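Residue numbering restarts at 1 for every chain, and letters A, B, ... go by the order of the sequence lines. Please read these numbers as outputs of a predicted model, since none were measured by experiment.
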Amino acid sequence: MKKIAILIETRQGKIKPPMPGIITAAQGSEHELVALVVDSDGAKYKDQLKNFGINKLIAIIFREPVDGSNPDSRARAIIRAMDHFEIHTLLALTSLQGKDLLPRVAARLDAPLVMDCLKVNLTESTVEKSQFSGKTIATFYVTGTHRIFGIRPNVIEPIPMPVQTEVIPFEYDGPDDGRYEVKELRRDTANGIDLSEADIIISGGRGMQNKANFQILHECARVMGAAVGASRVAVDAGWVPHSMQVGQTGTTVCPKLYIACGISGSVQHFAGMKTAGTIVSINTDPAAAMMQQCDYGIIGDLFEIVPILTRQLKSVNR
Amino acid sequence: MKIFVCVKHVPDSAATIRIVEPNEIDETVTFLLNPYDENAVEAAVQLKSEDDDSEVIAVTVGKPAAADTLRSALAMGVDRGIHVITDHWPDSIVTARALKAAIVQDGDSGLILTGKATIDSEGFQTQFRLAAALDIPVATNVGAITRHDEGVIVTCGLEAGDEQVIRMAMPCVIGAAKTLNTPRYPTLPDIIKARKKAINEVEIESLGIESPDSQMEIVGLRPAVEARRKQIIDGPPREAVAELIRRLDEEVKIKLR
């Protein structure tokens, strides 16, 4: 039976929350679903994956001296597994990890690759993706012996499909050519989840006024289980690091809920968040573009509104 | 050492994108040097300033109008340009092959820099295809570069603010992030000087590129429209917030509590 593979991303011992949506995009009656897990102990994700129709879980194991954190080695291992199990279609997340991994696989295989897909039709071999900072949607038709698709997190609603999952270990022992070597991994412990994968984001812009005021957003985010983002103005002013920037030259996000606080809404900012499920705008200026293009707007001072939101959610969540 | 910088001529992010048949955009809008490529150019020019024997060459694949973008790179301090001229915008498989052919034709590269992404097609892959075609290593989302013996040490941004420090042998390809540097603004004398710098024009057909087996063809293009509810919630702050929480729950099924 034909196989379609999904590259599973994990973090802290769990499959990442947007993964079931990606698996759902691959579901179909004409093929088997194969999960490729590139993690030290892939088998442990069986219980999570069997709920979404994964027939086979291929647990890629790196043998010494291969460094499993090296994206170049990971790409080689994935290609080896695709070759061994006769996998010609690979779906994955367009995360930062995916952006460093999928093009390596596609480039080596000389295979077509479309990143950041919003829709996938595997039968017709077409996908949709946004271009020109989210201003257009292009439909791609891909041809070739292999095809690889990176899908934007949170665009596809997961559909449960319980099945039996078989675990198959697959060892990769190189060789690596040594020309790309990971010297050090620096963890930023302040951030739990990457903006690009968060399903709720609360963001601050010019209206935040200074660095310290971002604390208000962090407090609200904690109560909601949200990530905190920012507009370019806040990053350029040095209030928050670039890794928090949503927009054209920052991160593209697609949360279920995006709460913009004191963000006027430049074209470049919209480019990074316009596919959010629901947009809430909190701003003193009713004429701000973000106010005109949101689902729900509250005209008011964010320093008053956000703490009220935090308090109201706290009082109920407790 | 030759440092190549691959640049792309892209529509200004603030431009209104109008679709014209068949599946193309109206190109009468303002185009500029792809923003991430600006960081790659800046890095190349800085590396040259540390090594007098270096030469920085900007390469672009594109229509005749892309020459303007090469001039922008030249004004930032790039020594000369190579323009692979096409009559359409090829996909990244063909673009990478054309870049490789143009670079190889010019001579041995020490380093190849480019932006980590382009803001027009947002394909996120040409840098990797170029590296694979040349069989050299590649790092993306690079926020710092230092020369080290026969190679480079680069810092790559990972998810959630994590970073990986990578050692790469040279030659190699580096995909620049915004955090790499602050691109310089060319002065008027720089711009005037750039007009006199050489641009080698190469027709893509003359490069003898094999046509690839795989393709990514655009078969449809439409404007992105997101219909928003546009509801303003009035009232005193406490009531407005309560109403927001209620509507999120009931109308769009987002339970914040």
J.: Which bit of B:Ile19 is near chain A, if near means a heavy-atom gap under 4.5 Å: side chain, backbone, both or neither?
T.: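 When you check distances to chain A, only side chain atoms of B:Ile19 fall under 4.5 Å.
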J.: For A:Pro241, is it the side chain, the backbone, both or neither that has a heavy atom under 4.5 Å from a heavy atom of chain B?
T.: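 When you check distances to chain B, no heavy atom of A:Pro241 falls under 4.5 Å.
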J.: Any side-chain donor paired with an acceptor under 3.5 Å for A:Asp176 and A:Ser73?
T.: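 Yes, side-chain donor-acceptor contact under 3.5 Å.
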J.: Determine whether the side chains of A:Arg152 and A:Thr94 contain a donor N or O and an acceptor N or O closer than 3.5 Å.
T.: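 Absent: no donor and acceptor within the cut-off.
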J.: Considering only heavy atoms, which portion of B:Val138 lies under 4.5 Å from any heavy atom of chain A: side chain, backbone, both, or neither?
T.: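 Contact with chain A is through both the backbone and side chain of B:Val138.
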J.: With the side chain counted from C-beta on, respond yes when A:Gln293 and B:Lys230 share a heavy-atom pair under 4.5 Å apart, and no when they do not.
T.: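 Sidechains of B:Lys230 and A:Gln293: in contact.
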J.: What do you reckon, is CZ of B:Arg229 surrounded by more than 12 foreign heavy atoms closer than 6.0 Å?
T.: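 Correct, the count exceeds 12.
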J.: When only pairs under 4.5 Å are counted, which of B:Asp213, B:Val10, B:Ile218, B:Thr140 shares the most heavy-atom pairs with chain A?
T.: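 Counting heavy-atom pairs under 4.5 Å, the top option is B:Ile218.
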J.: Less than 4.5 Å to any heavy atom of chain B: does that hold for the side chain of A:Ala271, its backbone, both, or neither?
T.: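 Neither part.
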J.: Among B:Ser121, B:Gly175, B:Pro11, which residue forms the greatest number of heavy-atom pairs with chain A at distances under 4.5 Å?
T.: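 Most heavy-atom pairs under 4.5 Å with chain A: B:Ser121.
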J.: Could you verify whether a donor N or O on one side chain and an acceptor N or O on the other, from A:Glu9 and A:Ser95, lie under 3.5 Å apart?
T.: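 Yes, a side-chain donor-acceptor pair sits under 3.5 Å.
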J.: May I ask you to name which of A:Thr249, A:Asn70, A:Val267 has the most heavy-atom pairs under 4.5 Å with chain B?
T.: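 Among A:Thr249, A:Asn70, A:Val267, the one with the most close pairs to chain B is A:Thr249.
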J.: Please determine whether a side-chain nitrogen of the Lys or Arg among A:Arg11 and A:Glu197 lies less than 4.0 Å from a carboxylate oxygen of the Asp or Glu.
T.: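 Judged by the 4.0 Å cut-off on N to carboxylate O distance, A:Arg11 and A:Glu197 do not form a salt bridge.
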J.: Is it the side chain or the backbone of A:Leu195 that comes within 4.5 Å of chain B heavy atoms, both, or neither?
T.: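 Answer is neither: A:Leu195 stays 4.5 Å or more from chain B.
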J.: Could you state the interatomic distance from OG (A:Ser243) to CG (B:Leu158), rounded to the nearest 0.5 Å?
T.: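 Output value for this atom pair is 11.5 Å.
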J.: Would you mind checking which part of A:Ile282 comes under 4.5 Å of any heavy atom in chain B, side chain (CB onward), backbone (N, CA, C, O), both or neither?
T.: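 Contact with chain B: none, neither part.
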J.: Go through A:Pro286, A:Gly250, A:Gly300, A:Ser69 and name the one with the most non-hydrogen pairs under 4.5 angstrom from chain B.
T.: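 So the answer, after comparing A:Pro286, A:Gly250, A:Gly300, A:Ser69, is A:Ser69.
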J.: For B:Arg97, is it the side chain, the backbone, both or neither that has a heavy atom under 4.5 Å from a heavy atom of chain A?
T.: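 When you check distances to chain A, only side chain atoms of B:Arg97 fall under 4.5 Å.
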J.: Under 3.5 Å, is there a donor on one side chain and an acceptor on the other for B:Ser13 and A:Gln268?
T.: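 On atom types as modelled, these side chains qualify, holding a pair under 3.5 Å.
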J.: Quick one: of A:Ala111, A:Gly134, A:Ser130, A:Ala226, who has the most non-hydrogen atom pairs under 4.5 Å with chain B?
T.: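 Heavy-atom pairs under 4.5 Å are most numerous for A:Ala111.
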J.: Output the option from B:Met216, B:Arg222, B:Gln164 having the highest count of non-hydrogen pairs under 4.5 Å with chain A.
T.: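 That would be B:Arg222.
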J.: Measuring heavy-atom distances to chain A, does B:Ala15 have an atom under 4.5 Å in its side chain, in its backbone, in both, or in neither?
T.: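 Looking at B:Ala15, just its backbone touches chain A.
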J.: Can you tell if the side chain of A:Ile259 reaches within under 4.5 Å of the side chain of A:Leu257, non-hydrogen atoms only?
T.: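 Sidechains of A:Leu257 and A:Ile259: in contact.
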J.: Looking at B:Glu243, B:Glu251, B:Met170, B:Gln127, which one has more heavy-atom pairs under 4.5 Å with chain A than the rest?
T.: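 Option with the greatest count: B:Glu251.
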J.: Tell me which of these, A:Ile137, A:Val142, A:Asp177, has more heavy-atom pairs under 4.5 Å with chain B than the rest.
T.: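 Result: the option with the highest number of such pairs is A:Ile137.
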J.: Could you tell me whether the side chain of B:Pro223 reaches within less than 4.5 Å of the side chain of A:Thr136, counting heavy atoms only?
T.: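 The answer is no, as the side chains (C-beta and beyond) never meet within the 4.5 Å cut-off.
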J.: Flag the one option from B:Pro137, B:Ala132, B:Ala227 with the top tally of heavy-atom pairs under 4.5 Å to chain A.
T.: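 Winner by heavy-atom pair count: B:Pro137.
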J.: For A:Thr275, is it the side chain, the backbone, both or neither that has a heavy atom under 4.5 Å from a heavy atom of chain B?
T.: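 Both parts, heavy atoms under 4.5 Å.
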J.: Around A:Tyr141, counting heavy atoms of other residues, nucleotides and ligands shown, do more than 12 lie under 6.0 Å from its OH?
T.: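 Open: at most 12 neighbouring heavy atoms sit under 6.0 Å from OH of A:Tyr141.
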J.: So what's closer than 4.5 Å to chain B heavy atoms on A:Val280: side chain, backbone, both or neither?
T.: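 Only the side chain of A:Val280 comes within 4.5 Å of chain B.
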J.: With distance as the sole criterion, is a donor-acceptor pair present between the side chains of B:Glu163 and B:Thr155 under 3.5 Å?
T.: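 B:Glu163 vs B:Thr155: no donor-acceptor pair found between side chains.
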J.: Between B:Ile233, B:Asp120, B:Ile232, which shows the greatest number of heavy-atom pairs under 4.5 Å with chain A?
T.: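 Answer, by heavy-atom pair count under 4.5 Å with chain A: B:Asp120.
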J.: Answer whether the closest heavy-atom distance between the side chains of B:Leu134 and B:Ile112 falls below 4.5 Å.
T.: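 Side-chain contact under 4.5 Å: yes.
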J.: Non-hydrogen atoms of chain B under 4.5 Å away: do they reach the side chain of A:Glu304, the backbone, both or neither?
T.: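 Interface part for A:Glu304: side chain.
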J.: Report the relative orientation of the aromatic rings in B:Trp89 and B:Phe31; use parallel for angles under 30°, tilted for 30 to 60°, perpendicular for over 60°.
T.: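 Answer is parallel, since the angle falls under 30°.
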J.: Top residue by heavy-atom pair count (under 4.5 Å) with chain B, among A:Glu181, A:Lys99, A:Lys183, A:Gln97?
T.: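 Most heavy-atom pairs under 4.5 Å with chain B: A:Glu181.
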J.: Counting only non-hydrogen atoms closer than 4.5 Å, does B:Pro237 touch chain A with its backbone (N, CA, C, O), its side chain (CB onward), both, or neither?
T.: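 Backbone plus side chain of B:Pro237, per the 4.5 Å heavy-atom cut-off to chain A.
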J.: Given heavy-atom pairs under 4.5 angstrom as the criterion, report whether the side chain, backbone, both or neither of B:Asp91 touches chain A.
T.: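 Neither part.
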J.: Looking only at heavy atoms and a cut-off of under 4.5 Å, which of A:Lys256, A:Met115, A:Gln245, A:His146 has the most pairs with chain B?
T.: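 Highest number of heavy-atom pairs under 4.5 Å: A:Met115.
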J.: With a 4.5 Å heavy-atom cut-off, do B:Arg238 and A:Gln312 have their side chains touching?
T.: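 Side chain of B:Arg238 against side chain of A:Gln312, heavy atoms only: contact under 4.5 Å found.
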J.: Could you grab the distance from atom CZ of A:Phe132 to atom OG1 of B:Thr16, nearest 0.5 Å is fine?
T.: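 It is 13.0 Å, given to the nearest 0.5 Å.
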J.: A:Asp72 versus chain B, heavy atoms under 4.5 Å apart: side chain, backbone, both or neither?
T.: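 Answer is neither: A:Asp72 stays 4.5 Å or more from chain B.
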J.: Please look at B:Leu244 and chain A and tell me whether the side chain, the backbone, both or neither of the residue comes under 4.5 angstrom of a heavy atom of that chain.
T.: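 Only the side chain of B:Leu244 comes within 4.5 Å of chain A.
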